Amino acid sequence: MSTLPHLTLLTTGGTIAGQAASSADTTGYTAGALDPSALIAAVPGLGELAQLQCDSLLSIDSKDMCPAHWLTLLARVQHHLARPDCDGVVITHGTDTLEETAWFLHLCLPPGKPVVLTAAMRPASALSADGPMNLYQAVAVAAHAASANQGVLVVVNGHIFAGADIVKTDTQALDAIDAPARGPLGAAQPVQFYHPAALTQAGCVPADALAGQTELPRVDILYVAAGSDPDLLAAAIERGAKGIVLALPGNGSLPANWQCAADAARARAIAVIRSTRVAHGRVAHATDTMLPAASGALNPAKARIALMLALAAGTPELSARLFA
Ligand code: ASP
């Protein structure tokens, strides 16, 4: 009788399952073309790490991932984690929106059995494809006892990251996924955690807030460049946005001519969050109560998800916790 852990491999597509016409082509390919058995076949030794059961959920490029997919994925992950014969879940995903899916799952899943996302920058058909090693290491991390109760993890390029911390920092480089503020939690081979994940927000969204939901409230991100017209805000609300995240210059600095539009949104009870278009650093909470709330450590894409979930849950306490 095997004592190997039982893991579920949930596939969603991405470059890790991508196929190009030429092995030299790393940009012109179809993401999500390969099925799970082809992914596994490319990774010798996987069967010595864990007993894998496959669940092929999606076959998409992660640029097409949307909130309805997140909710479906969450339900599948919860289903597998609840099975007594499942010791953890590994999810393959595209790198383009990996940070959004990882952050969403981090907020919705209480720490427990390991949940590990992985991805690749080169399609499976490429010379020196990075997917097979990333998948091997993701399975090794998910199979390791130290990975339990660490929140959602991301394993790429030899690193273990906290899912909440990652961003995509390069369009084409192999080391395109990074955690600029906190760095990696550990190394994937051999599996070693240098420090524990920050778990204050892990699983903080009450499960009943999303029960039966197939969509999340619409939240739009508006990128504010020098001289951008504040009419954008009213237009987003007219089109049905229930919340707005502003990707503002600097420390979430609201241009003077946007204040009126922000006030109008507030009068209509539309939540507005000040985030930043700057790659690094927090947006500080302001004492001026007429300013929209700050995003804290969250970039615009993550602030959008936090606001969607806060609106879905409808509790002000959750908002305060998400934008701490
Ligand atoms: N466009 C691809 C995706 O996100 C990129 C990748 O996986 O690296 O699915």
Side-chain angles (χ1 to χ4, degrees), residues 63 65-68 70 96-97 99-104 106-107 164-169 171 178 180-181 201 204-205 209 215-324:
K63 68 180 169 57
M65 192 69 70
C66 58
W70 297 333
D96 284 351
T97 61
E99 69 197 70
E100 288 162 82
T101 300
W103 171 237
F104 172 80
H106 172 81
L107 295 178
D165 292 347
I166 60 148
V167 286
K168 187 168 184 177
T169 56
T171 52
D178 198 6
Q201 294 165 324
C204 69
V205 175
E215 268 304 338
L216 290 174
R218 172 172 163 175
V219 175
D220 289 347
I221 298 173
L222 303 179
Y223 190 100
V224 181
S228 283
D229 196 308
D231 283 356
L232 287 172
L233 218 161
I237 296 170
E238 285 315 316
R239 296 297 302 215
K242 301 289 180 272
I244 310 277
V245 173
L246 301 176
L248 291 162
N251 178 30
S253 306
L254 188 74
N257 65 337
W258 279 68
Q259 183 66 55
C260 211
D263 293 345
R266 179 193 298 245
R268 295 177 65 175
I270 303 292
V272 180
I273 298 289
R274 286 181 301 115
S275 186
T276 180
R277 39 182 237 194
V278 179
H280 303 294
R282 297 175 56 89
V283 174
H285 296 283
T287 47
D288 180 349
T289 53
M290 289 315 287
L291 273 179
S295 65
L298 305 183
N299 69 15
K302 293 184 190 188
R304 172 176 172 260
I305 291 169
L307 185 51
M308 285 172 158
L309 291 171
L311 290 170
T315 52
E317 303 74 38
L318 181 61
S319 277
R321 196 164 161 194
L322 290 172
F323 297 107

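Quantities reported herein were computed from a predicted structural model and do not represent experimental measurements.
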May I have the step-by-step check of side chain to side chain contact (heavy atoms under 4.5 Å, CB included) for W103 and H106, ending in yes or no? CA-CA 5 Å; W103 171 237; H106 172 81; 3.9 Å; yes
Working note: V272 + R274, criterion side chain to side chain contact (heavy atoms under 4.5 Å, CB included); need CA distance, chi angles, decisive distance, verdict. CA-CA 7 Å; V272 180; R274 286 181 301 115; 5.8 Å; no
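No salt bridge links R304 with E99; every basic N to acidic carboxylate O contact stays at or beyond 4.0 Å.
Across every non-hydrogen atom of A262 and P292, the tightest pair is CB-CG, 4.0 Å. Nearest heavy atoms, K302 versus N299: N-OD1, 2.8 Å. Contact between A306 and L107 at its shortest, heavy atoms only, is CA-CD1, 4.5 Å. Contact between I273 and A303 at its shortest, heavy atoms only, is CG2-CB, 4.4 Å. Closest of all the heavy-atom pairs between C204 and R321 is CB-CZ, 3.4 Å. Of all heavy-atom pairs between D220 and A241, the closest is OD2-CB, 3.6 Å.
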Let me check something: any side-chain donor-acceptor pairs from residues 277-287 under 3.5 Å, sequence neighbours excluded? List them with distances.
unit_1: R277; atom_1: NH1; unit_2: V224; atom_2: O; d: 3.0
unit_1: R282; atom_1: NH2; unit_2: A324; atom_2: O; d: 3.2
unit_1: H285; atom_1: NE2; unit_2: F323; atom_2: O; d: 3.0

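The backbone N or O of L322 sits less than 3.5 Å from a side-chain atom of Q201, completing a donor-acceptor pair.
With values rounded to the nearest 0.5 angstrom, W70 atom CH2 is found 3.5 Å from I305 atom CD1. Taken from CG in L248 to OG in S275, the straight-line distance is 7.5 Å, to the nearest 0.5 Å. Remark: L318 CG to L307 CG distance equals 10.5 Å, nearest 0.5 Å. Rounded to the nearest 0.5 Å, atoms CG (D231) and CG (L222) are 11.5 Å apart.
Between M65 and F104, every side-chain heavy-atom pair lies at or beyond the 4.5 Å cut-off.
The side chain to side chain donor-acceptor pair (under 3.5 Å) pairs that include a residue from residues 241-262 are Q259-D263, where partners are two or more places apart or lie in different chains.
With sequence neighbours excluded, no residue forms a side chain to side chain donor-acceptor pair (under 3.5 Å) with T276.
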